[in-house]
2 protein chains.
Amino acid sequence: MHVQGILSHIKRQVILTPEEEQFFTSLLIPVKLKQGEFIEEAGEITTNFIHVNSGCLMTYYTDKDGNDHVVQFSTAGWWTADLHSLTHQLPSIYSTRALADSEVFLLSKIRLEELLERYPVFERFFRIMFQNSLVTHQNRIVQSLSFTAEERYENFQQKYPQLEQYVPLKYIASYLGMTPEFLSKIRRKRMDK
Amino acid sequence: MHVQGILSHIKRQVILTPEEEQFFTSLLIPVKLKQGEFIEEAGEITTNFIHVNSGCLMTYYTDKDGNDHVVQFSTAGWWTADLHSLTHQLPSIYSTRALADSEVFLLSKIRLEELLERYPVFERFFRIMFQNSLVTHQNRIVQSLSFTAEERYENFQQKYPQLEQYVPLKYIASYLGMTPEFLSKIRRKRMDK
DNA sequence: GTAATTTCTTAATCTAGTTTAAGTCATCAC
DNA sequence: GTGATGACTTAAACTAGATTAAGAAATTAC
C-alpha cells in the first residue's frame, strides 16, 4: 500500500509502523461511478471506516420525500463513516459519494478493532479525533439554532474557503440548511454591497 | 468520595479501582444558585469535565442578542463540558446550570489527563463515549436539516419521554430550535387530534 | 460543434415559523 | 394572603426562507 498520504496526515499524532500500515486498503474513487461501483449506500451495512487521502467525499441523508441533505464534506485528512452502522452492523442511514476523483484508505470494522486492540495508541488517536469532531458538530448545532442563513454562509466561507471553489453550490446550500435559490439570493445581495 | 453513582454508570464498560476513584470530586448543585455559586459560565475557561450522577443539567449558548439556545440536557450518567475550552484552555462559549438539584462528579483537566495517561482503559472508555456522542450529534444535525418543527418535537418525546416532565417547555423549544409559542401551537394541534 | 444535461440565477408567490402583545395560571417570597 | 415573578397559551401581524417556474450559463457527451 502507498502510505505517503495517510502518513502525512496521521504522523503528527500517531506513528505507523510498516506492520500497522498493512491494516489499510487503498482505493481510487472516480467522481462518476459505474454500475456496481460505489462507496457507501444508505440501507447497506457500513463495512469500512474511510480515510480520505485526496479529493473530496460527501456524506448525505435522503429523507422520506427523497430529498438529499448533506451531512458532511470530507477532504484530505478527514475520516468518514456511519459510525452507528459500523459499530452495530445495522443498515446505514447515510450515503457517501465522491465530489472529485478521490483516493481513500479503507479500514474495515474487523481491522479497526484489531488495530485498537493491538496498538493502544490508536485508542488515543481516535479518542482525540472524535473529541475534536464533537466540538465541530456541537458548533454546527449552535449555528443552526442561532444563526441566520446569511450568517451560516459567511461562517462557512471563512472556515472552508477552498471548498466553495469545487463543491457545487447546491450541496453547500444543503449542508447549510437552505435551498440553492436562497443561497443564490444571499450571494447576489453580497455582490451588490 | 461517594462513588456508588458513578460506578453504576461507568461499570458496564470500565471498572474503577479505589485508586482511580480518587480522581473525581463530588459536588452538589442546587437549582437556585446563590451569589458566587455556579457550574460553568460562558467566557470563563472550562476547568472540569462534568459527570452527572443525579438531577439534570442544561448547557446553553448565549447569542449576540442575549438569547439563550439550549445545546444539551445532561441527565444521570451523562458527561458535559465545553471540550474545546477544556482542551485548549480558551474561554468557553457555553454556560451550564442545573434544572433540578443535582449531584455531579468533577474531573479536572489535569486529573483527566493523568487518568488517561495512567489507565489506558480510560482512553477506550472516552473514545467509545465520544464516538456514541458523535452519532447522536450527527442525528440532531440531520433532523435540523430535514425535519419540520413538529417532527422534531415528536422525535424528542419518543427519545426522551421523561425529560418533558420536569424540564420547562421553553427550554425544550429552544433545544428543538423553535419558539415556545410555536411549540405551544404544536402541542394544542396534537391535543385536538 | 452542437445537443443534452446539469448548475446557477431571477422573480413571483406562498408558508412555516417568528414576533409582538396580552392574558391565564402557578409558584414563591414576605 | 397578596404582590411579584416565571411558565404557558392564544392570536394577529409579520418575515425569513421555501416553492414553483422559467431562463441563462456552464459542462459533458457524442
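Just so you know, these numbers use all the heavy atoms, side chains as well, and skip hydrogens, waters and symmetry mates.
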Seminar exercise, completed: Per atom distances to the B/P168 side chain, the nearest of C/dT10, D/dT10, D/dC8 is D/dC8
Exercise. Roughly how many Å is it from CG in B/L183 to C1' in D/dA7, rounded to a whole number?
Worked result: 12 Å
Seminar exercise, completed: note: A/K189, atom NZ; D/dT15, atom P; distance rounded to Å ~ 14 Å
Exercise. In Å, rounded to the nearest 0.5 Å, how long is the span from CH2 of A/W78 to CE of A/M129?
Worked result: 10.0 Å
Exercise. So, is B/R187 near the phosphate of D/dT9, with a side-chain N or O under 4.0 Å from OP1 or OP2?
Worked result: yes
Problem set entry | Integer-rounded Å distance: C/dC8 C1' and A/Y171 OH | 13 Å
Seminar exercise, completed: Per atom distances to the A/M178 side chain, the nearest of D/dA18, D/dA21, C/dT7 is D/dA18
Exercise. Ignoring hydrogens and geometry, is there a side-chain-to-backbone donor-acceptor pair from B/S95 to B/A42 under 3.5 Å?
Worked result: yes
Exercise. Picking from D/dT9, C/dC8, D/dA21, which would you name as closest to the side chain of B/S184?
Worked result: D/dT9
For this session: Give the nucleotide from the list C/dT9, C/dG17, D/dA11 with an atom nearest to the side chain of A/E181.
Result: C/dT9
Exercise. If we ignore angles and hydrogens, is there a donor and acceptor under 3.5 Å between the side chains of A/N48 and A/S108?
Worked result: no
Exercise. Atom NZ of A/K170 and atom P of C/dT9: how far apart are they, to the nearest Å?
Worked result: 13 Å
Exercise. For the pair made of CZ in B/F182 and P in C/dA21, what is the distance, rounded to whole Å?
Worked result: 21 Å
Exercise. To the nearest angstrom, how far is A/L169 atom CG from D/dT27 atom C1'?
Worked result: 15 Å
For this session: Verify the contact: side-chain N or O of B/R188 to OP1 or OP2 of D/dC8, cut-off strictly under 4.0 Å; return yes or no.
Result: no
Exercise. For A/Q165 and C/dT7, what is the distance between atoms CD and C1' respectively, to the nearest whole Å?
Worked result: 17 Å
Problem set entry | Pi-cation contact, A/Y175 with A/R140 (under 6.0 Å, within 45°) | yes
Exercise. Does the side chain of A/T179 get closer than 4.0 angstrom to OP1 or OP2 of D/dA18 through an N or O atom?
Worked result: yes
Exercise. When you check the side-chain N and O atoms of B/R97 and B/Y60, is any donor under 3.5 Å from an acceptor?
Worked result: no
Problem set entry | Side chain of B/R152 - closest among C/dG17, C/dT9, D/dG17 | C/dG17
Exercise. Between A/L99 (CG) and C/dT6 (C1'), how many Å, whole number?
Worked result: 14 Å
